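What follows is one structure encoded as structure tokens, with my remarks underneath.
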Amino acid sequence: MFFFIAGVEPTIRRTLQSNIGTCQVPYCGNTVHLVEVANTFKLLFVPIWSFAPKQLVYCNTCRYLGTQTEFSDQQWAASRITQYSIRGPCQACGTPIQRDWCFCPNCGRDMDLAMPDLS
């Protein structure tokens, strides 16, 4: 019986520029870096050949990996979402609360009791 274990996976080769912005993934907010990523062919888990390098934005914390265009679009979308979907800060701990949340994700306070809708 013969097993052939091989595959191709993206591998970060080097960091081109550090701290180019803030990660827009919800609850992450850490810095992102511009990195060079190449597809690497591996045979029996040993890297054999790297090909098709490209520049991508990468977050070490949440492992977000995307193009610079996607990152710029996410920054714009995040600013719009923040502008229109925040109900206000939690009165107990100050965490920003979205309109559709019933409880504070930080302290667990019931938002329907803490912030009655006056409309």
Side-chain angles (χ1 to χ4, degrees):
M1 191 174 264
F2 179 70
F3 292 98
F4 183 72
I5 301 175
V8 176
E9 70 178 358
T11 305
I12 297 175
R13 292 173 67 181
R14 63 188 171 129
T15 301
L16 301 172
Q17 186 177 354
S18 295
N19 303 331
I20 62 168
T22 303
C23 184
Q24 301 302 317
V25 173
Y27 303 108
C28 182
N30 290 303
T31 57
V32 292
H33 312 284
L34 184 64
V35 295
E36 183 179 79
V37 177
N39 292 326
T40 303
F41 175 72
K42 293 183 177 184
L43 181 63
L44 297 174
F45 307 105
V46 177
I48 303 295
W49 180 51
S50 293
F51 58 96
K54 54 189 165 188
Q55 294 181 1
L56 296 175
V57 175
Y58 178 70
C59 176
N60 289 333
T61 305
C62 69
R63 306 289 189 222
Y64 168 79
L65 187 63
T67 64
Q68 288 180 306
T69 305
E70 290 171 349
F71 179 68
S72 298
D73 291 345
Q74 282 185 349
Q75 282 184 321
W76 180 82
S79 68
R80 301 290 288 183
I81 288 170
T82 302
Q83 183 178 359
Y84 293 109
S85 68
I86 298 297
R87 175 192 261 184
C90 174
Q91 294 175 354
C93 67
T95 301
I97 303 298
Q98 293 184 8
R99 293 190 188 281
D100 58 342
W101 290 355
C102 296
F103 296 94
C104 175
N106 188 38
C107 69
R109 186 171 183 172
D110 187 350
M111 291 296 105
D112 292 330
L113 296 175
M115 302 174 75
D117 191 7
L118 301 174
S119 55

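Only a predicted model underlies this, so the values are computations on that prediction, with no experimental measurement involved. As a basis for the values below, the full set of heavy atoms in this structure was taken, side chains included, without hydrogen atoms, waters or symmetry mates.
Between D110 and C102, the shortest heavy-atom contact is OD1-O, 3.2 Å. Across every non-hydrogen atom of R13 and P53, the tightest pair is NH1-CB, 3.6 Å.
One N or O on the side chain of H33 and one on the backbone of N19 form a donor-acceptor pair closer than 3.5 Å.
Looking only at side-chain heavy atoms (C-beta outward), V32 and Y58 stay at 4.5 Å or farther from each other. A 4.5 Å side-chain heavy-atom check between L43 and I5 finds every atom pair outside the cut-off.
With sequence neighbours left out, S50 forms a side chain to side chain donor-acceptor pair (under 3.5 Å) with T40. With sequence neighbours excluded, the residues that form a side-chain contact (heavy atoms from CB on, under 4.5 Å) with L16 are R14, L34, E36, Q55. Take N39 and apply the side-chain contact (heavy atoms from CB on, under 4.5 Å) test, not counting sequence neighbours, and it matches V8, P10, F51, A52. With sequence neighbours left out, the side chain to side chain donor-acceptor pair (under 3.5 Å) criterion links K42 to E9. Residues satisfying the side chain to side chain donor-acceptor pair (under 3.5 Å) criterion with T15, sequence neighbours excluded, are absent altogether.
Note that CG of N106 is 4.0 Å distant from SG of C93, once rounded to the nearest 0.5 Å.
Screening residues 20-32 for salt bridge (charged side-chain N to carboxylate O under 4.0 Å, His left out) gives no qualifying pairs among residues at least two apart or on separate chains.
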Checklist entry - Given the rule in the side-chain contact (heavy atoms from CB on, under 4.5 Å) test, do T67 and L56 qualify, once you have shown the distances and angles that lead to the verdict? => result CA-CA 5 Å; T67 64; L56 296 175; 3.8 Å; yes
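Under the 4.5 Å side-chain heavy-atom criterion for grouping Ile, Leu, Val, Met, Phe, Trp and Tyr, I20 is connected to Y64 within one hydrophobic cluster.
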